[in-house]
Amino acid sequence: QVQLAESGGGLVQAGGSLRLSCAASGRTFSTCTMGWFRQAPGLEREFVAAISGSGGITTYADSVKGRFTISRDNAKNTVYLQMNSLKPEDTAVYYCAARHGGNIYDLRYDYWGQGTQVTVSS
């Protein structure tokens with residue numbers, strides 16, 4: 001099994017930066033595709049970014065491309081989301097997710113974290 005715990009959320013002004021972390025438990029972390037999703041109040045959960053097991057392939061939602069960077073440190077069983085040039089519309093609960101399988105474009109995930117709140121003020 002894989003257990004996920006997000007951290008690093010908080011309140012930041014527009015234009016600022018935050019780095020989210022997701023700590024994973026499990027012996028097969030490096031074989032998992034990892035993703036970040038977000039959900040704003042009243043809206044559906046939205047895909048943000050995904051990264052392959054080795055970290056060699058990434059994909060991003062158009063809304064965050066060029067501003068956000070997903071990365072992972074398999075030695076630490078941790079995936080990160082570096083968020084720069086934050087906008088008020090980035091305000092949401094951000095969730096870390098993991099899935100077995102190497103297709104990073106498959107948005108079906110097996111494990112989900114609790115979520116961490118990101119609030120961007122204007």
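Numbering of residues begins at 1 and proceeds along the displayed sequence. These numbers come from the heavy atoms of this one structure, side chains and all, not from hydrogens, waters or symmetry mates.
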List the atom pairs, donor and acceptor, that lie under 3.5 Å between side-chain atoms in residues 115-122 and the rest of the protein, sequence neighbours left out.
unit_1 : atom_1 : unit_2 : atom_2 : d
Thr116 : OG1    : Gly9   : N      : 3.2
Gln117 : NE2    : Ala92  : O      : 3.4
Gln117 : NE2    : Thr119 : OG1    : 3.3

Other residues, nucleotides, ligands: >12 heavy atoms within 6.0 Å of Gln82 CD: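 More than 12 heavy atoms, drawn from other residues, nucleotides or ligands, come within 6.0 Å of this atom.
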Heavy-atom closest contact (Trp36 atom, Tyr80 atom, distance):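 Result for this residue pair: NE1-O, 3.4 Å.
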Min side-chain heavy-atom separation Glu89-Thr91 under 4.5 Å: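 No - every pair of side-chain heavy atoms lies 4.5 Å or more apart.
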Beyond-backbone contact of Asp90 with Phe68, side-chain heavy atoms, under 4.5 angstrom: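 They are in side-chain contact.
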Counting N and O atoms only, with roles assigned by atom type, does the side chain of [X] sit under 3.5 Å from a partner on the main chain of [Y], one being a donor and the other an acceptor?
X     : Y      : result
Ser30 : Thr28  : no
Asn77 : Ala24  : yes
Arg99 : Arg108 : yes
Arg72 : Thr33  : no
Gln3  : Gly26  : no

Pairs touching residues 44-85 that satisfy disulfide bond (SG atoms under 2.5 Å apart), sequence neighbours left out: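 Listed once each, the pairs would be none.
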Disulfide (SG to SG under 2.5 Å) partners for Cys22, two or more places apart: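 Testing Cys22 for disulfide (SG to SG under 2.5 Å), a comparison that skips the adjacent residues, returns Cys96.
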Check: His100/Tyr109 side-chain N/O donor and acceptor closer than 3.5 Å: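 Note: His100 and Tyr109 side chains miss the donor-acceptor criterion.
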Cation-pi, Phe47 ring and Arg38 (6.0 angstrom, 45 degrees): no
